[in-house]
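Data first, discussion second: the structure below is written as structure tokens.
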Amino acid sequence: SLAQKPQSRIAGEITSQRVVMPKSQPPRATFATDKGSLAPQTQLGSMSLVFSRSAAQEADLQALIAAQQNPASPQYHAWLTPDQFAARFGMSDADIAEAETWLEQQGFTVEAVARSKNRITFSGTAAQAEAAFSVQLHNYQTDGTTHFAPAADISLPAALSPVVQAVTNLSNFRPRSHMRVQQGQLVSKPKFTSGQTGNHFLTPADIETIYD
């Protein structure tokens with residue numbers, strides 16, 4: 001088999017040394033009205049540490065995807081199960097265990113580890129999240145509704161920073177539809193370009209235009 005067990009990538013003990021995660025504050029919070037601190041005992045559920053892949057794993061994955069779409073390849077349509085994906089592209093068991101231990105030390109309850117071993121889901125209070133990620137959580141008002149979000153970019157322990165791609169659900173801002181109905185017709189004027197990856201995204205109207 002071409003698959004090899006993932007190598008451990010968390011280097012050393014998870015200590016108090018910190019690294020800021022750029023662009024981790026939701027952009028919409030910066031344009032909303034700050035209504036002050038989120039109540040410390042607010043329960044936050046289904047937060048996640050989302051892990052990145054190593055450079056070697058990413059190259060291997062892209063090669064596999066290309067092979068799976070190539071009729072001449074022996075790997076054509078040879079789909080992976082979540083467990084096979086984990087064994088090849090996920091975090092090592094040792095790294096998962098170390099990250100789980102750190103989350104529990106922060107007072108969080110670990111809810112689940114994804115079968116693909118690229119995500120740990122956990123829950124806790126706003127106060128625990130603020131302490132763990134060195135940030136204040138605030139309420140924000142926009143468009144007549146109130147949301148919560150980090151008041152600045154979050155930070156992570158230096159040992160975790162290189163392997164964590166995102167921390168989810170520290171905010172309840174959600175994507176908004178750019179589709180509008182005007183005179184019975186759906187209209188969209190989106191600019192869907194990711195501020196983190198630079199990837200471009202399409203709306204249904206884009207696909208209709210491109211592929212007729």
Atom [atom1] of [X] and atom [atom2] of [Y]: how far apart are they, to the nearest 0.5 Å?
| X | Y | atom1 | atom2 | answer |
| --- | --- | --- | --- | --- |
| Leu64 | Phe89 | CG | CZ | 5.0 Å |
| Arg88 | Gln57 | CZ | CD | 10.5 Å |
| Ser54 | Arg9 | OG | CZ | 5.0 Å |
| Glu58 | Gln62 | CD | CD | 4.5 Å |
| Ile154 | Leu170 | CD1 | CG | 5.5 Å |
| Met91 | Arg53 | CE | CZ | 12.0 Å |

Compare every heavy atom of [Y] with every heavy atom of [X], then report the nearest pair and how far apart it is.
| X | Y | result |
| --- | --- | --- |
| Thr168 | Ser46 | OG1-O, 4.2 Å |
| Leu137 | Ala129 | CD1-CB, 4.2 Å |
| Ser52 | Pro162 | OG-O, 3.6 Å |
| His147 | Thr145 | NE2-OG1, 3.1 Å |
| Pro6 | Ala86 | CG-O, 3.7 Å |
| Pro157 | Ile14 | CB-CG2, 3.5 Å |

Side chain to side chain contact (heavy atoms under 4.5 Å, CB included), that's the test. Do Val163 and Asp95 meet it? Break it down for me. CA-CA 10 Å; Val163 302; Asp95 282 347; 5.5 Å; no
Close side-chain approach of [X] and [Y], heavy atoms under 4.5 Å:
| X | Y | result |
| --- | --- | --- |
| Gln106 | Phe122 | no |
| Thr146 | Tyr140 | no |
| Ile120 | Val113 | yes |

Do side-chain atoms of [X] reach the backbone of [Y] as a donor and acceptor pair under 3.5 angstrom?
| X | Y | result |
| --- | --- | --- |
| Asn118 | Gly90 | no |
| Ser73 | Gln75 | yes |
| Gln68 | Ala78 | yes |
| Ser48 | Arg119 | no |
| Thr125 | Thr42 | no |
| Arg18 | Thr15 | no |
| Asp153 | Pro22 | no |

Should [X] and [Y] be counted in the same cluster of Ile, Leu, Val, Met, Phe, Trp and Tyr side chains packed under 4.5 Å apart?
| X | Y | value |
| --- | --- | --- |
| Phe85 | Ile96 | no |
| Phe51 | Leu61 | no |
| Phe148 | Phe173 | no |

Go through Leu160 and Trp102 one step at a time and tell me if the side chain to side chain contact (heavy atoms under 4.5 Å, CB included) criterion holds. CA-CA 10 Å; Leu160 283 177; Trp102 177 77; 3.7 Å; yes
Please report the C-alpha distance between Thr121 and Glu111 in whole Å, then the side-chain angles of each, then the deciding distance to 0.1 Å, and finally whether the side-chain hydrogen bond (donor to acceptor under 3.5 Å, both in side chains) criterion is met. CA-CA 5 Å; Thr121 303; Glu111 296 176 348; 5.5 Å; no
Out of Val135, Val167, Leu38, which residue meets the side-chain contact (heavy atoms from CB on, under 4.5 Å) rule with Pro150? Val135
Is there a side chain to side chain contact (heavy atoms under 4.5 Å, CB included) between Gln17 and Ser161? Walk through the geometry before answering. CA-CA 10 Å; Gln17 184 179 357; Ser161 177; over 6 Å; no
